[in-house]
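Here the structure comes first, spelled out in structure tokens, and everything after it is commentary.
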Amino acid sequence: MSVVQGGGFAGLVRTTAADAAELAPADAETLRAKVGDAGLFDLAADGTDEPALPDAQSYEITVSDGSRSNTVVLGERSLSPEVRALLAWLRTVPGHRGTTGH
């Protein structure tokens with residue numbers, strides 16, 4: 001799973017990723033459960049109907065599991081509570097990878 005977060009006043013881009021195969025077994029199961037709870041395999045590629053705002057964050061989220069893969073783009077205001085919980089967890093789980101840049 002990977003998330004590319006961009007936008008805002010500073011225009012920073014933050015990428016966060018985690019591979020279930022590289023996580024502790026309990027964390028890998030949590031990742032799969034949170035992805036399922038968020039319904040990310042079922043969302044349309046462009047899941048936002050928000051107008052573009054100069055200071056708004058957008059999220060390009062890619063999930064894959066075996067033969068299934070899906071990439072969605074969501075605006076800050078379109079994030080469901082389940083997606084927000086997944087993103088917060090992903091940033092803190094041991095074994096995640098993250099980078100920040102322009």
Side-chain angles (χ1 to χ4, degrees):
M1 161 173 203
S2 69
V3 179
V4 178
Q5 175 185 352
F9 288 119
L12 292 178
V13 175
R14 177 170 41 177
T15 301
T16 308
D19 184 339
E22 297 174 5
L23 299 177
D27 289 334
E29 187 56 38
T30 299
L31 175 60
R32 289 184 191 97
K34 289 186 174 293
V35 167
D37 291 346
L40 291 172
F41 282 108
D42 301 321
L43 293 178
D46 183 4
T48 182
D49 55 3
E50 298 176 15
L53 299 172
D55 62 339
Q57 296 284 309
S58 66
Y59 299 81
E60 180 182 286
I61 304 170
T62 301
V63 291
S64 59
D65 186 12
S67 63
R68 297 187 308 163
S69 181
N70 193 29
T71 298
V72 297
V73 177
L74 300 170
E76 179 82 34
R77 295 182 298 164
S78 297
L79 298 177
S80 69
E82 295 82 6
V83 171
R84 289 182 189 279
L86 170 61
L87 296 179
W89 178 85
L90 184 66
R91 290 184 196 112
T92 62
V93 66
H96 80 281
R97 298 174 310 281
T99 61
T100 302
H102 282 278

### Query
Between R84 and E76, is a salt bridge (charged side-chain N to carboxylate O under 4.0 Å, His left out) present by the stated rule, with each step listed?
CA-CA 9 Å; R84 289 182 189 279; E76 179 82 34; 3.4 Å; yes
### Taking every non-hydrogen atom, the tightest pair across L23 and P94
CD2-O, 3.4 Å
## Note on the structure
Nearest heavy-atom approach of H96 to T92 is ND1-C, 4.2 Å
### Message
With a 4.5 Å cut-off on side-chain heavy atoms, are E60 and T71 touching?
### Response
yes
### Task
Step by step, work out the side-chain hydrogen bond (donor to acceptor under 3.5 Å, both in side chains) result for Q5 and R91.
CA-CA 12 Å; Q5 175 185 352; R91 290 184 196 112; 3.3 Å; yes
### Task
Working to the nearest 0.5 Å, report the span between CG of L79 and CD of Q57.
10.0 Å
### Message
Given V35, which partner from the list T30, L86, I61, L90 fulfils the side-chain contact (heavy atoms from CB on, under 4.5 Å) test?
### Response
L86
### Side-chain heavy atoms of D27 within contact of W89, under 4.5 Å
yes
#### Entry: Rounded distance (nearest 0.5 Å) linking atom CE of M1 with atom CG of L31
6.5 Å
### Sub-4.5 Å side-chain heavy-atom contact between R97 and T99
no
### Message
Let me confirm one number: the CG-NZ distance from L87 to K34, rounded to the nearest 0.5 Å.
### Response
10.5 Å
### Task
Check whether any side-chain heavy atom of N70 lies under 4.5 Å from a side-chain heavy atom of T62, and answer yes or no.
no
### Query
Y59 versus V72: any side-chain heavy-atom pair under 4.5 Å?
no
### Message
To the nearest 0.5 Å, what is the distance between CG on L40 and OG on S64?
### Response
11.5 Å
